[in-house]
A.B. asks: 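If you scroll down you'll find the structure; I have some questions about it.
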Amino acid sequence: MLYLKKAIQYSDKTKTEQLGLLYGDIGLTLLKQKKTKESLVYFEKTALLTKTNNSQRLLFFTKRNFGEYYNNTKEYPKAIANYEEALQLSESQNDAFQKIDLLYTLSGLYYETKNYNKSLDYSFQSLELAKKFNAKEFLFRSQKRISTIYNQLGQYQKGYDHLLISSNLKDTLLNEDHIKQLTLTSDAI
């Protein structure tokens with residue numbers, strides 16, 4: 001946190017995109033520290049900078065950060081609105097993993113609001129994009145969420161089928177992580 005505040009102190013104030021991203025990072029750090037009111041101040045500072053800066057990147061992260069804030073405060077309709085705007089802006093970011101994460105997050109928010117059909121739609125979109133880019137963690141998470149949604153909808157066989165797939169993916173992820181740890185340990189010796 002101190003590093004981020006120092007970065008703001010020494011940053012060029014004319015570089016509003018950089019300044020806005022720093023404000024957003026401080027807001028996210030405060031949010032993780034359960035300092036929600038303080039985090040909102042920094043998110044609002046970022047939002048003010050979007051008024052004078054035409055940066056789609058800054059606007060994207062502003063909407064995403066407000067989505068995170070409202071998700072954290074359990075104001076799900078506001079979180080959904082901000083994440084939906086961020087999703088629209090994600091095309092300009094050219095970052096598939098950001099888009100996968102947004103789709104997955106939106107599926108969770110729609111699940112929280114009991115809009116299971118919309119949640120299922122976003123889960124499948126997240127899954128398809130994760131397959132395209134071989135994002136294994138999101139493959140696992142999306143399959144697991146799809147399983148949960150199908151169980152909620154009373155479609156237990158489909159839920160079970162997706163749970164099996166997610167379980168296999170989890171095993172694969174754990175094995176890959178274990179192999180990485182063994183390699184790092186052997187390299188250190």
Side-chain angles (χ1 to χ4, degrees), residues 24-25 27-44 46-47 50 56 58-93 95-174:
D25 288 344
L28 290 171
T29 301
L30 290 167
L31 197 59
K32 292 202 184 320
Q33 294 174 348
K34 308 287 187 220
K35 298 176 181 176
T36 52
K37 288 181 183 177
E38 290 176 59
S39 71
L40 184 59
V41 170
Y42 283 94
F43 295 145
E44 288 172 342
T46 303
T50 64
Q56 292 294 298
L58 183 58
L59 186 57
F60 166 78
F61 282 106
T62 300
K63 293 299 179 181
R64 186 180 179 102
N65 291 347
F66 274 118
E68 190 69 23
Y69 172 82
Y70 289 120
N71 188 10
N72 190 277
T73 59
K74 300 191 184 327
E75 297 176 71
Y76 299 126
K78 288 181 181 179
I80 288 169
N82 279 281
Y83 276 121
E84 289 279 6
E85 286 185 61
L87 181 62
Q88 295 303 313
L89 292 163
S90 72
E91 296 302 323
S92 67
Q93 296 307 300
D95 185 341
F97 288 96
Q98 285 278 5
K99 187 170 183 178
I100 295 167
D101 186 47
L102 284 168
L103 291 166
Y104 180 77
T105 300
L106 279 162
S107 75
L109 288 167
Y110 280 112
Y111 183 84
E112 287 294 328
T113 60
K114 299 186 183 338
N115 187 338
Y116 301 122
N117 290 328
K118 194 95 164 168
S119 178
L120 195 59
D121 178 51
Y122 277 110
S123 294
F124 273 114
Q125 287 183 54
S126 173
L127 178 64
E128 289 308 309
L129 204 52
K131 284 180 185 176
K132 182 176 178 181
F133 291 97
N134 197 29
K136 293 177 184 171
E137 180 70 28
F138 283 108
L139 286 169
F140 158 69
R141 289 181 185 180
S142 296
Q143 289 286 6
K144 187 165 176 135
R145 174 142 315 134
I146 291 167
S147 169
T148 302
I149 297 165
Y150 275 135
N151 282 333
Q152 191 66 39
L153 293 171
Q155 299 179 29
Y156 303 114
Q157 185 59 51
K158 285 183 180 180
Y160 178 73
D161 293 344
H162 285 277
L163 183 62
L164 285 178
I165 295 168
S166 74
S167 180
N168 289 335
L169 287 166
K170 184 177 181 180
D171 288 345
T172 300
L173 286 170
L174 290 173

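Just so it is clear, the values below take in all heavy atoms, side chains as well, and ignore hydrogens, waters and symmetry mates. We number each residue from 1, following the sequence as shown.
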A.B. asks: In chain order, what residues pass the side chain to side chain contact (heavy atoms under 4.5 Å, CB included) check against A47, with sequence neighbours excluded?
C.D. replies: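 With sequence neighbours excluded, A47 shows a side chain to side chain contact (heavy atoms under 4.5 Å, CB included) to T62, F66, given in chain and number order.
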A.B. asks: Enter the distance from N65:CG to L58:CG here, rounded to the nearest 0.5 Å.
C.D. replies: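 One finds 9.5 Å between CG of N65 and CG of L58.
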A.B. asks: Please answer whether the main-chain N or O of E68 pairs with a side-chain N or O of Y83 as donor and acceptor at a distance below 3.5 Å.
C.D. replies: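 Yes: the side chain of Y83 pairs with the backbone of E68.
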A.B. asks: Would you please name every residue forming a salt bridge (Lys or Arg N to Asp or Glu O under 4.0 Å) with K99, sequence neighbours left out?
C.D. replies: E91
A.B. asks: Drop me the distance from E112's CD to I80's CD1, to the nearest 0.5 angstrom.
C.D. replies: 9.5 Å
A.B. asks: Mark yes or no for whether T29, through its side chain, and D25, through its backbone, hold a donor-acceptor pair below 3.5 Å.
C.D. replies: yes
A.B. asks: Shortest non-hydrogen contact from G67 to A79?
C.D. replies: O-CB, 3.6 Å
A.B. asks: Who passes side chain to side chain donor-acceptor pair (under 3.5 Å) against Y69, sequence neighbours left out?
C.D. replies: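 Scan of Y69 (side chain to side chain donor-acceptor pair (under 3.5 Å), adjacent residues dropped) gives none.
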A.B. asks: I need the L139 CG to K144 NZ distance, nearest 0.5 Å.
C.D. replies: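 The NZ atom of K144 is 15.0 Å from CG of L139, to the nearest 0.5 Å.
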A.B. asks: When rounded to the nearest 0.5 angstrom, what is the spacing between CG in L129 and CD1 in I100?
C.D. replies: 4.0 Å
A.B. asks: Can N151 and S147 be said to form a side chain to side chain contact (heavy atoms under 4.5 Å, CB included), step by step?
C.D. replies: CA-CA 6 Å; N151 282 333; S147 169; 3.9 Å; yes
A.B. asks: Which heavy atom in L102 sits nearest to a heavy atom in S90, and how many Å separate them?
C.D. replies: CD1-CB, 3.9 Å
A.B. asks: I'd like to check the salt bridge (Lys or Arg N to Asp or Glu O under 4.0 Å) partners of E84; sequence neighbours left out, ordered by chain and number.
C.D. replies: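 By the salt bridge (Lys or Arg N to Asp or Glu O under 4.0 Å) rule, E84 matches no residue at all.
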A.B. asks: Taking all non-hydrogen atoms of both residues into account, name the closest pair between S119 and I149 and its distance.
C.D. replies: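 So the two residues come closest at OG-CD1, 3.0 Å.
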A.B. asks: Among all residues two or more places apart in sequence or in another chain, which pass the side chain to side chain donor-acceptor pair (under 3.5 Å) test with S107?
C.D. replies: S123, R145
A.B. asks: With sequence neighbours excluded, tell me which residues meet salt bridge (Lys or Arg N to Asp or Glu O under 4.0 Å) with E85.
C.D. replies: K63
A.B. asks: Applying salt bridge (Lys or Arg N to Asp or Glu O under 4.0 Å), can you list everything that pairs with D101, at least two apart in sequence or on another chain?
C.D. replies: R64
A.B. asks: To the nearest 0.5 Å, how far apart are OG1 in T105 and CG in N71?
C.D. replies: 7.5 Å
A.B. asks: What pairs with K32 under side chain to side chain donor-acceptor pair (under 3.5 Å), at least two apart in sequence or on another chain?
C.D. replies: none
A.B. asks: Yes or no on ring-ring contact (aromatic ring centres under 6.0 Å, His included) for Y70 and Y76, after CA distance, side-chain angles and deciding distance?
C.D. replies: CA-CA 6 Å; Y70 289 120; Y76 299 126; over 10 Å; no
A.B. asks: Describe, in one word, how the ring planes of Y110 and Y122 are oriented to each other, choosing from parallel (under 30°), tilted (30 to 60°) and perpendicular (over 60°).
C.D. replies: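 Geometry flag for Y122 against Y110: parallel rings.
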A.B. asks: Looking at residues at least two apart in the chain, or sitting in another chain, which of them share a side chain to side chain contact (heavy atoms under 4.5 Å, CB included) with Q155?
C.D. replies: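 So Q155 forms a side chain to side chain contact (heavy atoms under 4.5 Å, CB included) with Y150, L153, K158.
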A.B. asks: Answer whether the closest heavy-atom distance between the side chains of E137 and F97 falls below 4.5 Å.
C.D. replies: no
A.B. asks: To the nearest 0.5 Å, what is the distance between CD1 (I146) and CD1 (I165)?
C.D. replies: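 Answer rounded to 0.5 Å: 8.5 Å.
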A.B. asks: State which residues pass side chain to side chain donor-acceptor pair (under 3.5 Å) with D161; sequence neighbours excluded, sorted by chain then number.
C.D. replies: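 D161 satisfies side chain to side chain donor-acceptor pair (under 3.5 Å) with Q157 only.
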A.B. asks: Side-chain donor-acceptor contacts of residues 35-44 below 3.5 Å, not counting sequence neighbours, with atom names and distances?
C.D. replies:
unit_1	atom_1	unit_2	atom_2	d
S39	OG	T36	O	2.7

A.B. asks: Could you give all pairs that pass the salt bridge (Lys or Arg N to Asp or Glu O under 4.0 Å) test and reach residues 118-130, with sequence neighbours left out?
C.D. replies: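 Salt bridge (Lys or Arg N to Asp or Glu O under 4.0 Å) check on residues 118-130 returns E128-K131.
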